[in-house]
Amino acid sequence: MKKFINKIDNILIESLSGFATAHSDLVTLHLDPNFLTRKNKAQNKVAVISGGGSGHEPLHAGYIGYGMLDAACPGHVFTSPTPDQMLMAAEAVHADKGILFIVKNYAGDVMNFEMAAEMLPFESATVLTSDDCAVINSTYTTGRRGVAGTVIVEKCVGSLAETGADLQTCKALGDKVNNRTASIGIALTSCTVPAAGRPTFDIGDTELEMGVGIHGEPGRRRETMREADELVRDCVDAILADFKARDLDTANNSEALLLINGFGATPLMELYLIYNTAAKLFSQHSIQISRSLVGNYTTALDMAGASVTLCLLDDEIKRHWDSPVHTAALRHER
Amino acid sequence: MKKFINKIDNILIESLSGFATAHSDLVTLHLDPNFLTRKNKAQNKVAVISGGGSGHEPLHAGYIGYGMLDAACPGHVFTSPTPDQMLMAAEAVHADKGILFIVKNYAGDVMNFEMAAEMLPFESATVLTSDDCAVINSTYTTGRRGVAGTVIVEKCVGSLAETGADLQTCKALGDKVNNRTASIGIALTSCTVPAAGRPTFDIGDTELEMGVGIHGEPGRRRETMREADELVRDCVDAILADFKARDLDTANNSEALLLINGFGATPLMELYLIYNTAAKLFSQHSIQISRSLVGNYTTALDMAGASVTLCLLDDEIKRHWDSPVHTAALRHER
Amino acid sequence: MNTEFIIEAAKAIQQSILANEHTLESLDRAIGDGDHYINMKRGANVIVEIEAELAPLKPSEALNKIGIKLLSTIGGASGPLLASFFISMAKVLESQAHENQGLKENGDESTLKIATAFAAGVQAIIQRGKANLGEKTMLDVLIPVSNQFVLLTTQNCDIKLICATLIHTAEQGMLATKDLIATKGRAAGLGERAIGHIDPGAKSCQLMIEAVCKLSLKELNG
Amino acid sequence: MNTEFIIEAAKAIQQSILANEHTLESLDRAIGDGDHYINMKRGANVIVEIEAELAPLKPSEALNKIGIKLLSTIGGASGPLLASFFISMAKVLESQAHENQGLKENGDESTLKIATAFAAGVQAIIQRGKANLGEKTMLDVLIPVSNQFVLLTTQNCDIKLICATLIHTAEQGMLATKDLIATKGRAAGLGERAIGHIDPGAKSCQLMIEAVCKLSLKELNG
Ligand SMILES: Nc1ncnc2c1ncn2[C@@H]1O[C@H](COP(=O)(O)OP(=O)(O)O)[C@@H](O)[C@H]1O
Ligand SMILES: Nc1ncnc2c1ncn2[C@@H]1O[C@H](COP(=O)(O)OP(=O)(O)O)[C@@H](O)[C@H]1O
Ligand SMILES: [Mg+2]
Ligand SMILES: [Mg+2]
Ligand SMILES: [Mg+2]
Ligand SMILES: [Mg+2]
C-alpha cells in the first residue's frame with residue numbers, strides 16, 4: 001500500500017483539516033466528535049445533514065454549502081459515523097424547521113442515524129438512498145445500497161430546503177428522487193482501506209467485478225474484461241430492467257440525468273468514453289439525456305472503476321437540479 | 001492494462017465525443033483535424049487557444065468557456081497536437097484581436113505550435129508555461145516543463161482576455177503568472193499509455209519518483225516511500241529554493257495560491273491531507289495561502305501521485321483568479 | 001460479577017480480538033467491507049483505556065458506560081448493536097437489587113440475573129437490527145448462547161459447566177453461519193456468493209464469549 | 001531517385017519501424033514518455049497509405065506531400081522535425097532541374113543533388129529544434145550521415161560504398177547517443193540519468209537510413 005499518509009490513525013483528521021482549510025469560506029470543521037457545518041448558519045429552513053463512512057470524497061463534506069447540505073458527519077474509512085456526531089451536528093445547524101437526515105442504506109448507517117434520531121431533541125425525518133440496482137434478488141436483501149445517486153438526492157433536497165419548504169415536503173422530494181434513480185458500478189481494481197493495508201478483494205489482471213459496491217462489496221458477478229461498449233450496455237440494461245421491475249415508465253421520451261461517476265482511480269478520459277456510450281444507448285431506448293454529470297463524485301478510495309446512474313427527471317427534480325449550489329465539489333449559480 | 005476502452009485507436013474520439021455531448025452547452029467538437037471551441041463564439045477579444053497531448057484531462061478541453069479558453073487542440077495521448085489543428089482552431093475562434101497560444105514547454109508542443117504560428121494568417125503570441133521546478137540543473141535543460149501551473153495561467157489570461165485587453169497585454173500577464181509559479185510532482189505508480197499497453201516505467205511497491213513529469217518522465221530521484229509530511233516538506237523546499245534561485249521574493253507575508261493537483265489515481269482524501277501539510281509549511285515560511293485549489297486538474301492518465309504548485313499572487317493575478325469562469329472543470333460566478 | 005471482573009473481561013476480549021486480526025479481517029473482506037477487525041479493535045481498545053473511569057462504578061453503571069463509549073467509538077453496523085447490548089444489559093441489572101454479587105461468589109440468583117440481563121441485551125440487538133436467527137449475523141451466535149445461558153442457569157447448573165457449554169454453543173453458532181445466505185447486513189447483497197464464508201460479526205461475538213467464559217473458568221479454578 | 005523508389009522506401013521504412021516496436025518503445029520509456037514508437041508507426045503507416053496519391057507526383061512533390069502529411073499526423077517532437085526535413089528536402093530538389101533521375105541511373109550529379117537535399121533537410125531540423133550535434137537527439141545520427149553523404153558524393157564514390165558507409169555512420173551516431181547527457185527534448189530533464197540509454201529518435205533515424213540504404217543496395221544488386 002502506497003498512499004500519501006502519515007500515521008494511519010491520523011489520516012482522517014489531517015485530511016478533514018486540509019479540506020476545512022482549503023474551503024474555509026464554505027465550511028467549519030468541528031472535532032471530537034467530528035462533523036462539518038456550513039460556514040454561515042442558514043436560518044429558518046430544514047437543516048439537511050448527511051454523513052457516512054469516509055473514503056467516498058467528495059461525498060459528503062464536499063457537498064456542504066448553499067443549496068445542498070448544512071452539515072456532514074464523516075465516519076472512519078468505510079465505517080458509519082456514530083450518533084454523537086449526528087447529534088452535535090444537528091445541534092449546530094438546527095434552524096427551527098427540523099432535521100432531515102440523508103442516509104445511504106447500509107445497516108450501520110441506518111442504525112447509527114436511527115439512534116441519533118431517537119435521541120434528538122428536534123423533529124427529524126430521514127431519506128434513505130438505495131439507488132444501487134446491482135443486487136437483483138430482493139429476497140436476499142435488507143434493501144438496496146445507496147451509492148452515487150445520493151449526490152442527486154442531496155442536491156435536490158438541499159435546493160428545496162433553501163426555499164423554506166417544511167420537513168415532510170423535503171423528505172418527500174428526497175424519496176421521489178431516490179425512487180426515480182438507479183445505479184450500477186464496475187470495479188477494475190480493488191480499493192485499499194488504509195488501516196487494512198491491503199486490497200479489500202483480489203481481482204485478476206483481466207477480471208472485473210460487475211455490480212460492485214462503493215466499499216468494494218462484491219456485486220453481481222466476476223467477469224473477464226471486455227470492451228467498454230459491452231460493459232456499458234450491461235449497465236444500461238440493468239438500469240432499464242430495474243426501472244421496469246419497479247414500474248417506472250421510461251417510454252415517451254422521458255428526460256433524464258446521466259451521471260457517470262468515477263470510483264477514484266479511473267481517469268476522466270475513460271469516464272467521458274463511458275458517458276458517450278451510455279448516452280447513446282439510453283437514447284436508443286427513447287430516454288433523452290438532458291442533464292449530465294461526469295467525474296469523481298462518490299468514490300471508493302483508490303478503486304479503479306466507474307458507475308452509471310440514471311435519474312428520471314420531472315419538472316420539479318429538474319428545477320432543483322438546476323438551482324444554484326455553492327459547495328466545494330458542485331457549484332453553479334444559475 | 002485494464003481500462004474502459006473499445007478499440008485503442010478510437011479512445012480519443014469516443015472520449016472527446018462524450019465530453020462534447022456532456023457539455024454541449026459549453027463546447028463544440030470539430031473532428032479531423034480535432035479541436036474544440038466555445039459554444040458561443042466570443043467577439044472582439046484576444047482568442048486564447050491551448051492544447052497538448054491528451055491524457056491530462058480536464059486539461060485543456062475542460063477549461064474551454066467564458067473566462068478561460070476559446071479553443072483547445074487535443075493531441076494523441078501524451079503527444080503534441082499538430083499545426084493543422086491549431087490553424088483550424090484559430091480560424092474558428094479568431095475575433096479580431098489576435099491569437100494567444102498557451103503552450104506547455106515541451107519540444108514537441110513548442111515546435112508544433114511554432115509552425116502553426118508561422119503559418120497563421122493572424123497576429124499571434126505564445127505564452128510558454130514552465131512551472132515544473134523538478135529539474136534543477138538548468139545547464140541540462142531546454143527549459144523547464146509546463147505542468148499544473150498551466151491551469152493558473154489559462155485562468156488568469158482567459159480572464160484578462162475577456163476584458164478586451166490586447167494581445168501583448170494578455171501575453172505579459174501569462175508570462176508573469178508563469179514566472180511567479182513553481183510546481184513539483186511525486187509519482188507513486190506509473191501511468192499506462194493505452195497504445196503502449198504497459199506501464200511507462202517500473203516502480204517498486206515501496207518506491208516513489210520525486211519530481212516526476214506529467215507524462216511519467218523521470219524526475220529528481222527514485223526514493224523509498226516515506227511519510228506524507230516528509231514528502232510534502234521536500235516539495236515545499238524545492239519550490240522555495242526555486243523561487244529563491246529565480247530571485248522571487250517570498251518574504252513579507254506574500255499571498256499565494258496553493259494548488260494540490262492529483263495525477264489521476266490518487267483520491268481526494270490524500271490530496272487534502274497533502275494540502276494540510278503544504279499549507280502549514282508554507283505559512284511557516286511566512287507565505288499566506290489565500291487561494292486554494294485541490295483536485296485532479298492536470299492529470300497523467302491513471303498515475304497515482306500528486307503535485308504541489310505555488311503561485312505568488314499580486315492584486316492583478318488575484319483579481320483574474322477570482323473573476324467569473326464557466327467551464328466544464330472550473331466554474332464560479334463571482 | 002463485579003466491576004473488577006468486567007474490567008478483566010474487557011482486557012480478555014481485547015486480547016482475543018487483537019490475536020484474531022487476520023481471521024476477522026479476512027472474513028469481512030470476503031463478504032463485507034473489510035473493516036470489522038478495525039472496528040472491533042477500536043471498540044476493545046477504548047473500553048480497556050477507560051479502565052480507571054470504570055473501576056469506581058457499579059457493574060450496571062460500568063456496562064452502561066461501556067455501551068455509550070462503544071456507541072460513539074465503533075460506528076458501522078456492529079457499533080450500535082453492541083452498544084445496545086451493553087446499555088440494555090445495564091438497564092436490567094440496574095433494575096434489580098444486589099447486583100454487586102458476582103459469579104465468583106457462585107450465587108445462583110446472581111448468575112440468573114446475568115443470564116437475564118444478557119438475554120435482554122440480545123433482545124436489544126434484535127430490535128435495533130431487525131434481524132433474527134438464521135440471517136447470517138452475530139445473532140446466530142448470540143441467540144443460541146443466550147437461550148442456553150438462561151436454560152442452564154434456571155436448571156441451577158454448575159457455572160463451570162455453563163461456561164464450557166456456552167463456549168461450545170458460541171462456536172457452533174459461529175460455524176453454522178458458514179452455510180447461510182445473508183439476509184441482513186452488508187453481506188445481504190451477495191446471495192449465494194455468501195455461502196462458504198463465516199459471518200465476521202458472528203466470529204467476533206464467539207471470540208468475546210469464549211474470552212469471557214475462559215476468564216470465568218480461570219477465576220473459578222484459580 | 002524517382003517516385004517509385006520513394007514509395008518503396010516508405011514501405012521499407014514502415015517495415016523496419018514495425019519490426020522494432022519493442023526497441024523504440026523501450027528507449028522512449030526509459031528517457032522519454034514512451035510514445036516514440038507509436039508516433040513513428042503512425043507516420044510510417046500514413047505515408048504508405050497515401051501511395052496512390054504519391055505515385056503520379058514528381059519526387060519533389062512526393063517528398064513535400066510526405067512532409068505535410070507527417071506534419072499533421074505524427075505530432076510530438078518528431079513530427080515537426082521529420083516534416084521539416086522532407087519539406088526542405090523537397091524544396092531543394094524542386095529548385096533544381098532534372099530531379100527525375102534517380103539513384104538507379106547512377107548519375108553522380110543526381111546523387112549529389114540528393115545529398116544536398118538531404119543536408120538541407122537536416123539543416124531544417126537543426127533550425128526547427130535549435131539543437132545540434134551531441135545533444136542526444138536524432139541529429140547525432142542525421143548530422144554525421146549528412147556530412148558523410150555530401151563528402152562521399154563530392155568524391156564521386158560508388159553508390160554501393162556510399163550506402164554501406166552511411167549505414168555504418170548512422171549506427172555509430174546512434175550508439176554514440178548512449179553516453180551523452182541530453183540537452184534537448186524530453187530527456188533533457190534527466191541529467192546524468194539519461195546516460196546509458198540510446199536516444200529513441202536517433203534509433204528510429206538510424207533504422208530509416210538503414211532501410212533506405214539497404215533498399216538502394218538491393219535495387220543496385222538486383
Ligand atoms: N441487522 C443486523 N443485525 C445483527 N447483526 C448485524 C446486522 N447487520 C450487520 N450485523 C453484523 O455486523 C457485522 C459487520 O460489522 P462491521 O463490519 O463492523 O460493520 P459494517 O458492516 O458496517 O462494516 C456483520 O458481520 C453482522 O454480524
Ligand atoms: N530539439 C530537438 N532537436 C532534434 N531532435 C529532437 C529535439 N527534441 C526531441 N528530438 C527527438 O525527438 C525524439 C522524441 O520523439 P517523440 O517521442 O516522438 O516525441 P516526444 O518527445 O514529443 O514524445 C527524441 O528522441 C529526439 O531524438
Ligand atoms: Mg464498514
Ligand atoms: Mg510524446
Ligand atoms: Mg464491515
Ligand atoms: Mg516520446
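Quick note on labels: first sequence line is chain A, next is B, and so on, each numbered from 1.
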Of A:K280, A:E57, A:E14, the largest count of non-hydrogen pairs under 4.5 angstrom with chain B goes to A:E14
At a 4.5 Å cut-off on heavy atoms, which part of B:A306 comes close to chain A: side chain, backbone, both, or neither?
both
Side-chain heavy-atom pair A:L301, A:F263 within 4.5 angstrom cut-off:
no
In Å, rounded to the nearest 0.5 Å, how long is the span from NE2 of B:H332 to NE2 of B:H326?
12.0 Å
Checking A:S24 against chain B: side chain, backbone, both or neither under 4.5 Å from a heavy atom?
neither
Donor-acceptor side-chain pairing of A:T21 and B:Y275 below 3.5 angstrom:
no
Does any backbone or side-chain atom of A:D205 lie under 4.5 Å from a heavy atom of chain B? Answer side chain, backbone, both or neither.
backbone
Between B:Y63 and B:S50, a side-chain donor and acceptor under 3.5 Å:
no
Return the option, out of B:I289, B:V294, B:I5, with the maximum number of heavy-atom pairs under 4.5 Å with chain A.
B:I5
Just so I know, are the side chains of A:T309 and A:L258 near enough to count as touching, which here means a heavy-atom distance under 4.5 Å?
no
Is the shortest heavy-atom distance from the side chain of B:V325 to the side chain of B:E333 under 4.5 Å?
no
Sort A:N296 into side chain, backbone, both or neither according to what part of it lies under 4.5 angstrom from a heavy atom of chain B.
side chain
Are the side chains of B:I64 and B:L26 in contact, using a 4.5 Å heavy-atom criterion?
no
Considering only heavy atoms, which portion of B:I186 lies under 4.5 Å from any heavy atom of chain A: side chain, backbone, both, or neither?
both
Report yes if the side chains of A:L69 and A:E154 come closer than 4.5 Å at any heavy-atom pair, otherwise no.
yes
Engaged part of A:L293 at the chain B interface, taking heavy atoms whose separation is under 4.5 Å
neither
I'd like to verify something: which residue of A:R291, A:E270, A:M303 has the highest number of heavy-atom pairs under 4.5 Å with chain B?
A:E270
Euclidean distance, B:Q288 CD relative to B:E255 CD, rounded to 0.5 Å:
5.0 Å
Honestly, the part of A:H56 sitting under 4.5 Å from a heavy atom of chain B is neither
For residues B:V308 and B:S183, determine if any side-chain heavy atom of one lies less than 4.5 Å from a side-chain heavy atom of the other.
no
Under 3.5 Å, is there a donor-acceptor pair between the B:S323 and B:K155 side chains?
yes
Max heavy-atom pairs within cutoff under 4.5 Å with chain A, candidates B:S292, B:G264, B:A22, goes to B:A22
Chain B contact via A:P58 - which portion, at a heavy-atom distance below 4.5 Å:
both
Is it the backbone or the side chain of A:L188 that comes under 4.5 Å from a heavy atom of chain B, or both, or neither?
both
Heavy-atom pairs under 4.5 Å with chain A are the metric here; pick the option from B:D25, B:L12, B:I274, B:N276 that has the most.
B:N276
Without swapping roles, check the side chain of B:N261 against the backbone of B:T298 for a donor-acceptor pair under 3.5 Å.
yes
Hey, mind stepping through B:T192 and B:T200 against side chain to side chain contact (heavy atoms under 4.5 Å, CB included) and telling me if it holds?
CA-CA 6 Å; B:T192 298; B:T200 303; over 6 Å; no
Please determine, among A:N6, A:L268, A:V77, the option with the most heavy-atom pairs under 4.5 Å with chain B.
A:N6
Which members of residues 225-234 of chain B, sorted by number, sit under 4.5 angstrom from chain A on a heavy-atom basis?
B:M225, B:E227, B:A228, B:D229, B:L231
So which part of A:T299 gets closer than 4.5 Å to some heavy atom of chain B, the side chain, the backbone, both or neither?
neither
Is any side-chain heavy atom of B:L257 closer than 4.5 Å to a side-chain heavy atom of B:L310?
no
